[in-house]
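Report on the structure given below.
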Amino acid sequence: MTGKREHNEQPDQPTARHRCDKGMQRRRVLIGGGTAALAGGLVAAGLASADTVTSSTTATDQATSTVSTDASASASTGVCSLTAEVTEGPYSLDGALVRTDLREEKEGVEVQYTFTVVDQDNDCAPLADAFVELWHCDALGEYSGYVGKNGHTEDDDGTFLRGGQLTDTSGQVSLISIWPGHYVSRAVHVHMRVHTGVTVADGTYTGGTVVHTGQLFFDADLNEKVQATSPYSDNTTAETVLADDTIYDDGGSASGLLTLTALGTSVSDGYTATLTVGVSTT
């Protein structure tokens, strides 16, 4: 791991620096929930944003329209530019480990991620050998490399709940982690970067170009259930709900809302989480 980036921002003091200025020139990305193709409806809607539906959402949530697209559907339509990326926030580190399981010894509700990365500059074709990197806080709201910022004392190895993996020839990558906890001023979320042209050696990566920086969000009702379980319930800091988050703009899957599917009948059984992420590589 390389050294930490300079950190001058306290988690309980949200500022405009967290959010990209919508008037600025930004790389546009598609973030589509799930793998069901509704490309015809997408075109008819004129690149409209929509909410993601999970298998455990309420009837109200299920009544919300869903725009989903997979790599093959995107490639046939050439449509994959719905929403812009957001900033990486104050807790990023360089030199993430190349691995599939990010948990180390951290306890929490398991989340099995599957992402499909497509290239909008190549007719939305699947993007192979892209490094998809995630990082997020643990159940007590602490980030590795910055432990103590949310008021808890624990071991800090600088690597827990950080890492990523290269996409395959279908543009897909699978990662395993835990459902994040919360910390003051932000709703529960995961950070993502997509890199191209990296060199992988000795369990980490060097070089390359970042083609997407974004954040991923969780269904509010499911998150409430998760945060009520142990060890999340040991975190007594105030929680910001999704509707009040300073980054999430209520754009559903187009704004990083994950499609979640329960792995069992109990919250503790965990969830799968899927997204299609379209990036511009030029």
Side-chain angles (χ1 to χ4, degrees), residues 19-53 65-89 92 113-134 164-175 189-198 205 207-217 247-259 273-282:
R19 183 187 291 275
C20 286
D21 184 350
K22 292 186 178 180
M24 296 172 60
Q25 181 180 3
R26 303 172 297 184
R27 186 179 307 278
R28 294 178 62 80
V29 295
L30 157 74
I31 307 182
T35 57
L38 294 176
L42 178 62
V43 175
L47 303 184
S49 298
D51 287 326
T52 306
V53 177
S65 61
T66 303
V67 173
S68 300
T69 180
D70 63 6
S72 60
S74 296
S76 67
T77 63
V79 177
C80 58
S81 55
L82 293 182
T83 185
E85 59 187 23
V86 299
T87 84
E88 65 185 18
S92 64
Y113 296 95
T114 298
F115 302 107
T116 301
V117 182
V118 297
D119 184 3
Q120 76 165 19
D121 298 322
N122 187 24
D123 292 327
C124 302
L127 185 60
D129 296 322
F131 183 67
V132 177
E133 175 191 3
L134 301 183
Q165 192 60 261
L166 294 172
T167 57
D168 61 19
T169 56
S170 298
Q172 289 196 337
V173 64
S174 295
L175 299 166
H189 63 282
V190 171
H191 296 267
M192 169 188 276
R193 282 189 293 229
V194 179
H195 312 246
T196 58
V198 301
Y205 76 93
T209 301
V210 175
V211 296
H212 171 56
T213 303
Q215 296 184 24
L216 312 174
F217 299 94
I247 297 294
Y248 181 67
D249 61 6
D250 201 30
S253 59
S255 300
L257 188 65
L258 293 159
T259 294
T274 57
L275 278 178
T276 296
V277 181
V279 304
S280 173
T281 56
T282 60

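The first residue of the sequence shown is numbered 1, and numbering continues consecutively from there.
The side-chain heavy atoms of V117 and V279, taken from C-beta on, include a pair separated by under 4.5 Å.
Nearest heavy atoms, V132 versus V194: CG2-CG2, 4.4 Å. Of all non-hydrogen atoms in L275 and G256, the two that sit nearest each other are CD1-O, 4.3 Å. What you find for T114 and S174 is that their closest heavy atoms are OG1-OG, 3.6 Å. The two residues Q165 and F131 have their closest heavy-atom pair at N-CE1, 3.4 Å. Between P126 and T169, the shortest heavy-atom distance links the atoms CB-O, 4.1 Å.
Residue L134 holds its CG atom at 5.5 Å from CE of M192, rounded to the nearest 0.5 Å. In this structure, the separation between OG1 on T282 and CG on D119 is 7.5 Å, given to the nearest 0.5 Å. Atom CG of L258 and atom CZ of F217 lie 9.5 Å apart (nearest 0.5 Å). Rounding to the nearest 0.5 angstrom, the gap separating the CG atom in L216 from the CZ atom in F115 is 5.0 Å. To the nearest 0.5 Å, the span separating CD on Q120 from CG on L127 amounts to 11.5 Å.
No donor-acceptor distance shorter than 3.5 angstrom exists from the side chain of T213 to the backbone of V86, with no hydrogens or angles considered. Remark: the backbone N or O of S255 is not paired with any side-chain donor or acceptor of Q215 at under 3.5 angstrom.
Taking the six-membered ring where the residue is Trp, H189 and H191 present perpendicular rings, their angle passing 60° and hence far from 30°.
Among V173, D168, T276, the one residue that satisfies the side chain to side chain contact (heavy atoms under 4.5 Å, CB included) test with T116 is T276.
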Verdict with supporting geometry, T167 and Q172, side-chain contact (heavy atoms from CB on, under 4.5 Å):
CA-CA 5 Å; T167 57; Q172 289 196 337; over 6 Å; no

